[in-house]
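Below is one structure, written out as structure tokens; the observations come after it.
When a residue number appears, it is its place in the shown sequence, counting from 1.
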Amino acid sequence: MNRKVELLAPAGNYEAFMGALNAGADAVYLGGEKFGARAYADNFTTQEICRALHVAHFMGRKIYLTVNTLFKESEVAQLYAYLLPFYEAGLDGVIVQDLGVFCLLRDWFPKLPLHVSTQMTVTDKGAALFLKEQGAARIVPARELSLLEVRGLKEAAGIEIECFIHGAMCYCYSGQCLFSSILGGRSGNRGRCAQPCRLPYQIYADKDLVMGEGYPLSLKDMCTLEYIPQLIEAGIDSFKIEGRMKKPAYAAGVTAMYRKYMDLYERVGAEGYRVEAADMDKLRGLYIRSEIQTGYYERHNGREMITLSKPGYVGSDEQVTARIQEAYLHEPARQPVSMSVEIKAGAPIRVRVEGKEQVQIEATGEVAQTAQKAPLQPEDVRKQMTKTGNSCVLVTDCAVKIEGDVFVPVRALNQLRRGAVEAYEREVILRNGFCDRRIDREELSVDTASEQKTENAGKGKLRCEIEDRLSQSTLEGLIINCLVTTCGQLEAVRAHGCQRIFIESDLFVKEYAYITGILGTSYAEDKAEGCACYLALPHILRRRDEAWLQLLKEMLSQADGLIDGFLIRNLEGLSFVRRLSKDYAVIPDTSLYCFHKETLKFWKDYSEEYTLPYEVNAGEASRLAAAARELGMRTTLVAYGRIPMMITANCLRKTAGICQPGAKDGRRIYLKDRYRTTFPVMMHCEHCYNIIYNSVPCSLHESKKEAKRVGADIWRYDFVMESRDECEQILAGVFPFKGHTTGHLKRGIE
């Protein structure tokens with residue numbers, strides 16, 4: 001095999017980092033003290049990361065830093081200073097979720113490769129090509145993709161692809177989960193997930209219990225050891241092991257096992273590839289969940305992927321762990337070098353260091369003096385010159401040549417040794433293909449002093465604008481938009497009137513004749529009054545949706561200008577709209593998270609409007625609305641709707657055993673938790689995904705103070721499962737349900 005596939009290991013602390021290197025990782029991904037999606041891992045100090053970069057590069061390995069959370073406005077100003085020492089130390093890549101942060105890093109650090117996190121939910125080639133166009137060097141696609149989809153994405157986008165091959169699996173598409181956030185305030189988008197998917201639930205179809213208490217949201221761990229040939233031949237560039245929250249022995253043990261079998265494939269190819277049963281047992285003994293499976297590479301979903309009875313880990317095999325600790329959890333072996341020292345009175349001390357592959361350097365030190373008393377002995381020199389301490393080398397042979405009676409201070413010998421060893425390590429790092437340090441500050445585009453000054457000035461301006469607007473604003477004349485999922489909802493909204501109607505695109509395709517008929521009868525009149533009709537694209541778009549998208553495209557061409565734009569939920573949706581012949585407007589929905597001004601700047605190139613995410617509180621939303629106004633953008637606040645807690649590839653009907661292809665079952669599916677709280681689930685069979693909604697609607701009908709504080713330009717009502725009568729009541733200001741939530745409007749997230 002000519003192509004080398006990278007083995008990428010996790011490290012939650014420095015011990016795990018050392019274990020991963022010793023076990024054969026080609027690269028390690030880790031988090032610093034800020035901005036990582038594993039806030040509860042030990043993580044690394046700045047000094048530890050810089051040291052790790054030096055060690056890894058000396059060994060010919062790489063390090064990628066996780067900056068894979070959503071940033072709050074106050075945190076953006078800290079990012080440059082946080083990353084600068086790592087960039088200068090030669091950081092090999094940074095893993096990013098936040099689009100605004102992605103753009104900043106691209107501009108600030110032009111030589112730093114940007115890796116798109118799986119949290120961006122890249123599901124097809126359109127999004128991958130778009131991100132490549134934006135400057136991405138690597139994509140970590142959604143874990144739900146099949147091997148065929150991964151292969152197609154790689155071939156079409158021509159960009160590095162990094163895929164998970166082992167470890168824990170999220171039930172929700174990464175980056176699309178608000179379950180932990182809404183229920184407990186611990187956001188997965190901020191690295192603080194409380195893992196509600198590992199809790200027990202029952203499944204109901206209407207009032208019928210179709211699956212008793214179990215763990216239908218708890219996926220079995222992924223293990224692809226037996227599947228390595230197919231993964232390599234699919235063109236994946238980097239094999240990623242999950243586990244920054246797990247113990248160092250886990251990271252080292254799993255890395256060693258995959259290293260063994262990736263090397264085996266290189267030697268014998270697919271035909272000779274076999275995994276020993278004993279090795280599979282060792283993997284199971286490292287960190288035991290009830291069962292393992294191969295993830296989504298061979299299947300789209302299924303009950304066999306779920307660990308229904310045992311969601312948590314039950315321990316590790318202590319004997320296996322002990323052997324791993326002894327074998328790998330120590331400082332990497334230092335590289336043996338030979339040293340020769342020449343000392344002559346009246347001449348500079350000379351030293352030569354030589355190691356493997358003919359790497360050698362020469363260095364000179366102070367001028368040796370003629371000894372007045374006891375002359376320097378070779379043993380004295382050898383003793384000082386072999387003290388390589390915390391370096392990456394071990395002096396195994398030190399030849400000392402002294403001419404005459406000379407004297408050299410111990411300090412001078414130590415200084416010469418340190419300089420020579422450092423020069424040797426730099427030469428090895430350069431020969432390994434890494435930069436020793438990025439020290440050309442002229443290439444960096446940020447003046448930290450002026451940046452902070454600008455940031456502080458901006459904050460003051462925003463505060464003044466917010467206070468001024470709050471003193472003047474009312475809810476009178478607020479623009480109302482509505483999103484509809486059924487024809488009944490559309491009829492209610494049409495009768496009530498609103499500036500813009502968002503129609504779920506699946507409804508548009510399914511009921512095309514009816515919808516174009518009902519809207520077309522007053523098309524000219526509606527346009528004259530400033531009304532518009534948009535389509536809301538699916539939450540997930542994958543390769544399997546190509547035929548559906550083509551059908552939608554044909555319907556749009558027939559709709560004679562009826563559709564003015566699109567509500568997009570993902571970058572694949574943006575890519576689709578950009579490929580259309582007509583110039584449609586686009587609006588990013590809540591799932592294309594806008595947490596700070598830099599993300600608004602990104603979207604300004606594609607839209608004049610954005611939607612506030614569910615995880616900002618009123619104060620944060622108010623500052624975003626003010627920032628948007630500065631950019632000439634409008635702000636939409638979802639004032640009513642069911643919050644989508646999870647978007648999932650797995651299907652609860654299938655898990656419960658009541659999914660029969662082609663059969664119609666009109667019963668609505670619900671999850672019920674241990675507190676008897678009920679969460680409705682909508683099946684999107686056309687695109688084969690589920691949406692798990694919150695138990696009660698999010699509504700601001702009793703939160704006028706907070707709503708006024710936000711100062712959004714537009715309120716949107718999202719109708720998903722409401723009847724026509726319920727829609728009419730809500731639009732008339734009468735709330736028809738017993739309970740509701742205001743989401744994060746009052747509390748926010750950490």
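A donor and an acceptor atom, one from each side chain of Y261 and D279, are located under 3.5 Å apart. Using modelled atom types, one finds no donor on one side chain facing an acceptor on the other under 3.5 Å when comparing E318 with T321. R143 and T118 share no side-chain donor-acceptor pair at under 3.5 Å. Donor-acceptor pairing under 3.5 Å is lacking for the side chains of Q119 and Y593. H166 and Y258 are linked by a side-chain donor-acceptor pair at a separation below 3.5 angstrom, with hydrogens and angles left out of the test. With no hydrogens or angles considered, no side-chain donor-acceptor pair links T123 and E572 at under 3.5 Å.
At least one donor-acceptor pair closer than 3.5 Å links the side chain of R190 to the backbone N or O of L70. K246 places no side-chain N or O within donor-acceptor distance of the main-chain N or O of A251, the cut-off being under 3.5 Å. The closest donor-acceptor contact from the side chain of D237 to the backbone of E162 lies at 3.5 Å or more, if one exists at all. Side chain of T224 to main chain of I165: a donor-acceptor pair is present (N/O by atom type, distance under 3.5 Å, no hydrogens or angles). With K132 contributing its side chain and A157 its backbone, the two residues share a donor-acceptor pair below 3.5 Å. Put simply, the side chain of N570 gets close to the backbone of G573: a donor and an acceptor are under 3.5 Å apart. Checking side-chain atoms of T66 against main-chain N and O of L30 turns up a donor-acceptor pair under 3.5 Å. Side chain of D673 to backbone of P200: no donor-acceptor contact under 3.5 angstrom is found. Put simply, the side chain of K125 never gets that close to the backbone of R543: no donor and acceptor are under 3.5 Å apart.
Contact record, E425 with C392: OE2-N, 2.7 Å, taken as the closest heavy-atom pair. Closest non-hydrogen pair, P216 versus I203, comes out as CB-CD1, 3.9 Å. Pairing each heavy atom of C163 with each of V150, the nearest pair is SG-CG1, 3.9 Å. Scanning both residues, I292 and C223, for their nearest heavy atoms gives CD1-CB, 3.7 Å. Minimum interatomic distance between L91 and I63 (heavy atoms only, all atoms of both residues): CD1-O, 3.5 Å. In terms of heavy-atom proximity, K654 sits nearest to R303 at O-CB, 4.1 Å.
With Y29 as the aromatic partner, K240 meets the cation-pi criteria of under 6.0 angstrom to the ring centre and within 45 degrees of the ring axis.
Here D281 pairs with R284 under the salt bridge (Lys or Arg N to Asp or Glu O under 4.0 Å) rule; sequence neighbours left out. In this structure R569 satisfies the salt bridge (Lys or Arg N to Asp or Glu O under 4.0 Å) test together with E504, D589, sequence neighbours excluded. By the salt bridge (Lys or Arg N to Asp or Glu O under 4.0 Å) test, E6 pairs with R138, sequence neighbours left out.
C197 contributes atom SG, which lies 6.5 Å from atom CG of L217 (distance to the nearest 0.5 angstrom). Rounding to the nearest 0.5 Å places CD1 of I306 at 4.5 Å from OG1 of T655. Taken from CD1 in I241 to CG in L7, the straight-line distance is 4.5 Å, to the nearest 0.5 Å.
In this pair, Y201 and F179 present their aromatic rings tilted. The plane angle is within the 30 to 60° band. Relative ring orientation between Y689 and H684 is described as parallel, the plane-to-plane angle staying below 30° on a 0-90° scale split at 30° and 60°.
Contacts classified as ring pair (Phe, Tyr, Trp, His ring centres under 6.0 Å) and involving residues 210-254 (residues at least two apart or in different chains) are given here: Y250-Y287. Applying the ring pair (Phe, Tyr, Trp, His ring centres under 6.0 Å) test to pairs two or more places apart or on separate chains, those with a residue in residues 121-152 are F130-Y606. Applying the salt bridge (Lys or Arg N to Asp or Glu O under 4.0 Å) test to every pair with at least one member in residues 8-24, sequence neighbours left out, gives no pairs at all.
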